[in-house]
Amino acid sequence: MDKSMDDIMALCKRRGFVYQASEIYGGINGFWDYGPLGAQLKKNLRDAWWNDVVMTGCNGQMGPDGNPVRIVPVDTCIIQNPKVWEASGHVGGFNDPMVDCRACKARFRADHLLVYALRDLLDESHQQTAAWLGVGTIDEVKEQHRKQIDKFTASVGGQLVENTAQFVKLSDEDKASLGCPNCGQKGQLTEPRAFNLMFKTYVGATANEDDIAYLRPETAQGIFINFKNVVDSTRIGVPFGIAQTGKSFRNEVTPRNFTFRSREFEQMEVEFFCHDDDSQAWYEFWRDWRMQWWQSLGLAGENLVLREHEQDELSHYSTATSDIEYRFPFTAPGFGELEGVAHRGCYDLTQHKEHSKAKLEYFDPKRGELAKNGQPKGEHYLPTVIEPSAGLDRGVLAALCEAYTRDESRPSPEIMQFHPRLAPIKAAVFPLVNKDGMPEVAAKLFADIRTRVGSSGFVETDAKQSIGKRYARMDEGGCPFCFTIDGETLTDQTVTVRDRDTGSQERIGIDRVPGYLCEKLGV
Ligand code: ATP
């Protein structure tokens, strides 16, 4: 079944998953708010990550060294000393080349535009395009294009890609002066301009140049700059990871595709520090385990892929990187990145060491030459880093897209088949009718299971409307189980359990409900 993004977005709005930010003022491009169900869904995904990655060290799996994986969390500031971003390269290098159409005011990333220009017609006439865009020779452009087309297609989305198809059909003469992929007008595109993605702000009251600070574009740097603090204040030692979740901000040139490319978003990142000799094994461990983790939350099947980067796609400091990608309705048949797992060498710690002059070397007592007593003398080194960096909002979006199901044979055809762990509503308790003692029994069961379910999700109760309508409402909210109190309950102490995905019903004893629910939810 092809899922329609319009349907999914409409359901998200109607049922309180996602709203346009500042909607009553006309919205603000690239920003989204989560409603009650969305906030809980997002929390559940964040909590699953926190539990499985941080608290249980990759669900209790042994690392490649045969020992438990050790991870500790931090929670660092969104605003840091601006020197952090000079060291990390974000002030100097975090630029996207941007091109505007003077006619329709559409804005493009020049590299996306390049894809449009070269999509089908990779011939010499594009030499000019390549030079104009300042991206190197036509051969380099072709190669770049071949590798990245899927990725770009994912990030530009359906509408522009359709327009692109028209754009590339322009005659040879027209091609000489590039047309705008949006409005088709030629000769209206500006020269590319470098555009830094970091949001600027001022710290303090004077608001002059010296007070400029930046909202973090990633959570990772807050981890690197605290590496030494964590080592010094805990008993943890290499190999170990530091984890953080939190908001990041990027002034994206073209935010689009619902929450996929937003200007404010949340990340879930681990920087895993190990000795360089062991780094390839740790890289493979993280890459494979992260893929399994997303699968365990219901993103199984062919919509999820692990894509290893080719050598010439890698950053200069990285020896291996892979992306975990999901086939969103707006990227299909292509994929969009959910998480990147990168072998970053010791690039980040080296940068911070050089810029801050702080001593960031780690002393590893378990390594080095053996002393006379047969014990290692120890070794000082800058650890190598493996970085699994996931987008929480993109994860939520993938969960929403994966869950969205239409079954026209059901009275209300839209069903959100969330994995039970992620489902924002865990259960509902309904009295079949609002009389004959049923509401009282329902109220007691509701109170009981609400306490058990705790912060993992809502338990709903509702006595109004027909039972069919109440079930349909729960299907749209993705509630996996509904328990209904009816006439039989009053005589034999049983209730019906209705399963969201099949619509089937069975009877169980009312006293078994909490246990049944906990077992099914895995809580
Ligand atoms: P892209 O190529 O899509 O711009 P990226 O490679 O720049 O992403 P990273 O810097 O590796 O992304 O960030 C790690 C993760 O943060 C990504 O895998 C993604 O899930 C998330 N992320 C990055 N940018 C955004 C954004 N603008 N909106 C939502 N999530 C984002």
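Values reported hereafter were calculated over all heavy atoms of this structure, with side chains retained and with hydrogens, waters and symmetry mates removed. Counting convention: from 1, in listed order, for ligands and their atoms alike.
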Is any N or O atom of [X], backbone or side chain, closer than 3.5 Å to an N or O atom of ligand 1?
X    : result
F265 : no
E269 : no
A390 : no

*Nearest heavy-atom pair of E308 and T321: which atoms, and what distance?*
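Looking at all heavy atoms of both residues, the closest pair is OE2-O, 3.6 Å.
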*asked:* Just checking Y214 against H90, ring centres under 6.0 Å apart?
replied: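 No.
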_Closer than 4.0 angstrom, basic N to acidic O: yes or no for E361 and K353?_
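So E361 pairs with K353 through a salt bridge.
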*With atoms numbered from 1 as shown, which atoms in ligand 1 lie under 4.0 angstrom from a non-hydrogen atom of L338?*
18 (O), 20 (O)
*Among R250, E218, M268, closest by any non-hydrogen atom to atom 10 (O) of ligand 1*: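 Answer by nearest heavy atom: R250.
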*Proximity of R261 to ligand 1 by residue part, where a heavy atom lies under 4.0 Å*: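 Both of them.
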*Compute whether any side-chain donor of one residue and acceptor of the other, for N229 and N226, lie under 3.5 angstrom apart.*
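Short answer, yes.
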Side-chain atoms of residues 384-398: list all donor-acceptor pairs with protein atoms under 3.5 Å, sequence neighbours left out, distances to 0.1 Å.
from: T384; atom 1: OG1; to: D276; atom 2: OD1; distance (Å): 2.8
from: S389; atom 1: OG; to: E269; atom 2: OE2; distance (Å): 2.6
from: D393; atom 1: OD1; to: E266; atom 2: N; distance (Å): 2.5
from: D393; atom 1: OD2; to: Y34; atom 2: OH; distance (Å): 2.7
from: D393; atom 1: OD2; to: K42; atom 2: NZ; distance (Å): 3.3
from: R394; atom 1: NE; to: F260; atom 2: O; distance (Å): 2.7
from: R394; atom 1: NH1; to: E337; atom 2: O; distance (Å): 3.0
from: R394; atom 1: NH2; to: F260; atom 2: O; distance (Å): 3.2

